[in-house]
Amino acid sequence: MTRLRMAILISGRGSNMQAILDAAEAPDYPAEPVLVLSNRPEAAGLNLAQRRDVATACVDHRAYGKDRAAFERQMHQVLVPHHVQLIVLAGFMRVLTPWFVDQWAGHIINIHPSLLPKYPGLKTHQRALEAGDDEAGCSVHWVTAGVDEGAVIAQARVPIAAGETAEQLAGKVLLAEHKLYPQAIKHACEAIVAREKAVQL
Ligand code: GRF
């Protein structure tokens with residue numbers, strides 16, 4: 001079985017990355033982690049990946065000031081030699097420009113802590129509580145140039161309890177993310193493989 005070569009992009013603690021690395025240990029998992037790339041050298045997830053013998057790299061966005069294009073060109077340069085077939089954004093906190101998204105179109109996915117199309121952007125849990133919603137959740141979606149706008153691959157729902165705080169809700173949703181993301185990656189891999197087969201017909 002061919003496994004797709006997967007890069008995981010992070011900015012911080014990397015708990016979703018860990019869940020994905022755990023899942024990818026199964027021999028029949030359809031993606032192989034070939035690189036963990038961070039835009040912050042201090043991201044805790046980098047150490048976790050190194051301890052698991054996954055190659056890591058850092059492109060510090062702060063070194064590029066406001067030049068997002070230069071930052072993304074450098075990330076692209078780092079990704080290409082690893083022959084990446086799937087980019088998984090896992091708590092990667094930079095908005096990507098249309099140029100970068102275009103380079104990897106159909107090969108980038110993201111996890112977002114809301115039931116999209118509800119609450120794109122930040123402070124999703126607070127917004128769900130303020131709206132009086134009775135459920136929250138997370139979505140894995142294809143990345144397009146519009147922030148949190150691409151087609152949804154999979155979602156998980158969690159009930160909101162009376163009196164729950166945004167932090168408590170975030171903790172519950174995060175546990176759902178850890179289950180959802182490894183599963184959604186399987187679907188993304190199937191879609192990529194099916195697409196590439198179709199192109200060859
Ligand atoms: C997750 O809640 C994810 O949905 C959001 O950022 C958080 C990342 O957490 N985009 P972690 O770094 O995976 O622990």
Side-chain angles (χ1 to χ4, degrees), residues 6-25 29 31 33 35-52 54 56-61 72 75 86-97 100-101 104 108-130 133 135-160 164-188:
M6 165 174 67
I8 307 173
L9 271 53
I10 62 167
S11 298
R13 81 192 144 182
S15 69
N16 276 288
M17 175 207 76
Q18 261 191 295
I20 296 163
L21 294 181
D22 287 345
E25 279 179 10
Y29 197 73
L35 180 68
V36 169
L37 172 59
S38 173
N39 66 304
R40 292 187 171 274
E42 69 276 19
L46 281 176
N47 289 330
L48 295 172
Q50 279 156 8
R51 270 191 254 134
R52 300 181 68 143
V54 179
T56 58
C58 179
V59 179
D60 189 341
H61 67 280
E72 290 184 351
M75 285 208 302
L86 174 64
I87 296 179
V88 170
L89 306 181
F92 181 72
M93 300 306 283
R94 306 301 296 169
V95 172
L96 296 167
T97 68
F100 186 89
V101 173
W104 298 95
I108 317 186
I109 62 174
N110 180 43
I111 191 158
H112 182 73
S114 80
L115 294 171
L116 290 171
K118 274 189 160 183
Y119 316 128
L122 300 174
K123 295 201 178 333
T124 54
H125 307 300
Q126 191 58 41
R127 286 154 71 198
L129 291 175
E130 281 165 10
D133 292 355
E135 63 173 7
C138 46
S139 309
V140 175
H141 64 95
W142 295 102
V143 173
T144 57
V147 175
D148 302 327
E149 277 181 12
V152 169
I153 300 166
Q155 290 185 317
R157 295 170 184 273
V158 301
I160 296 181
E164 200 158 52
T165 65
E167 290 68 32
Q168 287 166 331
L169 181 56
K172 270 167 40 179
V173 172
L174 190 65
L175 292 179
E177 291 181 38
H178 297 162
K179 289 199 188 121
L180 180 72
Y181 217 172
Q183 290 302 320
I185 288 170
K186 286 189 184 180
H187 292 287

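When a ligand or atom number is given, it counts from 1 through the structure's own listing order.
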Extract all donor-acceptor atom pairs below 3.5 Å that involve side chains of residues 44-51 and protein atoms in other chains or at least two apart in sequence.
residue: Gln50; atom: NE2; partner: Thr56; partner atom: OG1; Å: 3.0

Quiz item: List by chain and number: which residues place a heavy atom under 4.0 Å from ligand 1?
Solution: Arg13, Gly14, Ser15, Asn16, Gly91, Ile111, Pro113, Leu174, Glu177
Quiz item: Side chain of Arg40, backbone of His61: donor and acceptor closer than 3.5 Å?
Solution: no
Quiz item: Does any N or O in the side chain of Glu72 come within less than 3.5 Å of the main-chain N or O of Thr97, such that one atom is a donor and the other an acceptor?
Solution: yes
Quiz prompt | Backbone of Ala136 reached by a side-chain donor or acceptor of Tyr119 within 3.5 Å | solution = no
Practice problem: Measure across Ala19 and Pro182 and return the closest heavy-atom pair with its distance rounded to 0.1 Å. | Solution: O-CG, 3.8 Å
Exercise. Give a yes-or-no answer on whether the side chains of Thr124 and His112 include a donor-acceptor pair shorter than 3.5 Å.
Key: no
